[in-house]
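The shown structure was predicted, so the numbers you read here are calculated from the model rather than taken from an experiment.
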Amino acid sequence: MRTEVQSGRPVRFVADEILVSERGAGIAHRTLNGLGHRSGDITEDEPHAGLRRFTARGLDVTAAVRQLRGQLPDAVVGPNHVFMSTPYEHGGPFGPPMAADAPPSKLAPSAGGASSVRVVVMDTGVYVDSPLLAGCYSATPENIETVLDSDDNGELDSDVGHANFIAGVVVQATDAAQIRIVKVLDSFGVCTEADLATAIGGLTDVDVLNLSLGGFSFGDQPPAILSAALSTFLSGTGRVVVAAAGNDGIQDRPFWPAAFAASDSPWASQVLAVAAHDGNSVCDWSNRGSWVSLVAPGAEIVSTFIHHPGFASGWAAWSGTSFAAPKVVAAVVERAAAAGSVTAAAAQVKAEAGQQQLGGFPALR
């Protein structure tokens with residue numbers, strides 16, 4: 001992974017790789033040749049329909065992207081961005097999860113039935129040794145995580161239990177969600193843009209997608225392959241994406257994929273960008289900006305974690321826009337049956353939040 005600082009904020013991307021739309025493949029080859037890479041040293045594959053990934057050892061990714069964007073102004077060109085989950089990594093609001101007592105309320109496994117809303121939590125894998133009971137979610141074997149300490153430093157990896165926590169936020173608020181957990185992040189909460197796009201492209205039978213992850217992009221332009229994947233996923237459908245706004249405390253740069261909510265994409269209204277509040281004000285560590293759709297509770301949230309010697313109850317308190325997003329997911333799910341669709345429910349949540357502002361943003365309490 002490489003990191004370039006732009007406007008004081010890190011843009012993370014995979015070293016030696018660029019992504020280019022299919023029609024720019026020939027020019028991309030010639031550009032890489034011009035940067036000193038022989039054709040035999042360049043590899044090419046198709047991580048997503050209509051897009052090409054070029055890899056060359058020692059590639060100056062930023063130089064290649066700048067040149068290609070100049071030559072292909074109307075084409076998709078970008079690095080393979082690296083995205084991270086959004087609890088405390090981005091900006092460090094309150095640090096790692098802390099042990100918490102189990103709340104008195106019972107979890108609400110899905111009631112099932114035709115009116116249930118199909119929710120996908122695309123995140124880390126799920127840990128089965130957890131207060132998040134099996135009846136509260138589904139996950140195929142490849143989406144179950146077992147890694148706790150991959151670097152053998154004697155501590156839990158930073159994002160162990162992240163998906164469990166998010167799913168727990170939803171099931172504490174509604175029994176109308178059929179939650180499926182799909183693994184795209186590792187136990188440190190990291191994935192590539194290509195991996196995320198591929199995972200989104202493989203989704204079926206879903207109404208609402210929770211993405212508690214993201215990052216900044218090269219030149220603040222929409223991430224190329226992710227934009228294409230979301231266009232396919234959302235265009236002409238009744239689906240909704242709820243995305244965390246990130247925890248860098250910034251308001252002058254878009255954080256993706258949340259910032260697609262204010263893009264010029266025809267499906268932008270199907271994306272909800274969620275910042276965090278603490279009940280009194282927008283959290284100072286929460287990203288914000290004109291692209292934020294609404295703010296929701298995200299400070300010291302209590303939810304299901306994992307059973308571990310440091311977490312006797314299996315519950316934890318954790319902060320971040322990662323956990324504000326599923327608050328909005330639950331609100332959309334609760335309104336879907338009466339509203340008639342999840343898109344109508346999402347519009348209703350935004351309208352209701354607009355009646356109670358915090359910091360100039362519509363606020364879900």
Side-chain angles (χ1 to χ4, degrees), residues 84-108 121 123-124 127 130-132 136 155-174 185 188-189 210-214 242-251 255 258 272-288 292 294-331 349 353 356-359 361-365:
M84 300 181 71
S85 61
T86 51
Y88 68 91
E89 286 89 350
H90 287 287
F94 292 108
M98 303 296 291
D101 293 333
S105 59
K106 299 288 186 180
L107 294 179
V121 174
D123 207 85
T124 63
Y127 294 78
S130 168
L132 184 69
C136 295
E155 299 179 357
L156 291 174
D157 291 348
S158 63
D159 280 72
V160 165
H162 194 249
N164 296 61
F165 199 99
I166 290 166
V169 170
V170 177
V171 299
Q172 287 180 83
T174 180
L185 299 171
F188 286 103
N210 185 99
L211 294 175
S212 290
L213 52 84
V242 180
N247 308 325
D248 304 87
I250 63 97
Q251 54 185 334
F255 184 89
L272 296 180
V274 186
H277 71 72
D278 61 8
N280 297 308
S281 60
V282 179
C283 298
D284 58 5
W285 43 261
S286 176
N287 291 345
R288 66 201 78 187
V292 168
L294 71 165
V295 297
E300 300 185 81
I301 304 300
V302 173
S303 188
T304 51
F305 191 58
I306 65 168
H307 289 121
H308 183 268
F311 296 85
S313 70
W315 291 71
W318 212 347
S319 298
T321 57
S322 271
F323 316 125
K327 292 279 189 180
V328 174
V329 168
V349 169
Q356 41 187 0
Q357 302 265 322
L358 266 181
F361 294 97
L364 179 72
R365 298 288 185 170

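- Remark: Asn164 CG to Thr304 OG1 distance equals 6.0 Å, nearest 0.5 Å.
- The minimum heavy-atom distance between Ala244 and Ala325, with the atom names listed, is N-CB, 4.2 Å.
- In this structure, Val292 and Gln251 have side chains that are not in contact, with every pair of non-hydrogen atoms separated by 4.5 Å or more.
- Inter-residue side-chain proximity for Ile301 and Lys327 is flagged as met; some heavy-atom pair is nearer than 4.5 Å.
- Here the closest heavy-atom approach between residue Ala317 and residue Ala100 is recorded as N-CB, 3.8 Å.
- Residue Phe305 comes nearest to Leu156 through the heavy atom pair CE2-CD1, 4.1 Å, listed as atom of the first residue, atom of the second, then distance.
- Two residues are said to be in side-chain contact when any heavy atoms from C-beta on lie closer than 4.5 Å; Gln172 and Leu107 meet this criterion.
- Separation of atoms CE (Met98) and CZ (Phe311) is listed at 7.5 Å; rounding is to 0.5 Å.
- For the atom pair OG1 (Thr124) and CG (Leu185), the distance works out to 6.5 Å, reported to the nearest 0.5 Å.
- Contact record, Gly246 with Thr321: N-OG1, 2.9 Å, taken as the closest heavy-atom pair.
- For the pair Ser319 (side chain) and Ala299 (backbone), a donor-acceptor distance under 3.5 Å is absent.
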* Go through Arg365 and Leu358 one step at a time and tell me if the side-chain contact (heavy atoms from CB on, under 4.5 Å) criterion holds. => CA-CA 10 Å; Arg365 298 288 185 170; Leu358 266 181; 3.5 Å; yes
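- Ser322 is not listed as a side-chain neighbour of Phe165, based on a closest heavy-atom distance of 4.5 Å or more.
- Between His162 and Ser85 the shortest heavy-atom distance is CE1-CB, 3.6 Å.
- Here Phe361 contributes atom CZ and Gln356 contributes atom CD; the two are 15.5 Å apart, rounded to the nearest 0.5 Å.
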* Could you check Leu294 against Val274 for side-chain contact (heavy atoms from CB on, under 4.5 Å), going step by step and ending with a plain yes or no? => CA-CA 5 Å; Leu294 71 165; Val274 186; 4.2 Å; yes
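- Looking at Asp101 and Ser313, their side chains never bring a donor and an acceptor atom within 3.5 Å of each other.
- With Thr174 contributing its side chain and Ala330 its backbone, the two residues share no donor-acceptor pair below 3.5 Å.
- Here the side chains of His277 and Pro297 are in contact, with some heavy-atom distance below 4.5 Å.
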* Does the pair Leu132 and Tyr127 meet the rule for a side-chain contact (heavy atoms from CB on, under 4.5 Å), with working shown? -> CA-CA 9 Å; Leu132 184 69; Tyr127 294 78; over 6 Å; no
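- Pairing each heavy atom of Ala276 with each of Ser286, the nearest pair is N-OG, 3.0 Å.
- The shortest distance between side-chain heavy atoms of Ile166 and Phe323 falls below 4.5 Å.
- With hydrogens and angles ignored, the 3.5 Å screen pairs a side-chain donor or acceptor of Ser303 with a backbone N or O of Val169.
- In this structure, the side chain of Asp278 does not engage the main chain of Cys283 through any donor-acceptor pair within 3.5 Å.
- Between the side chain of Asn247 and the backbone N or O of Trp285 there is no donor-acceptor pair closer than 3.5 Å.
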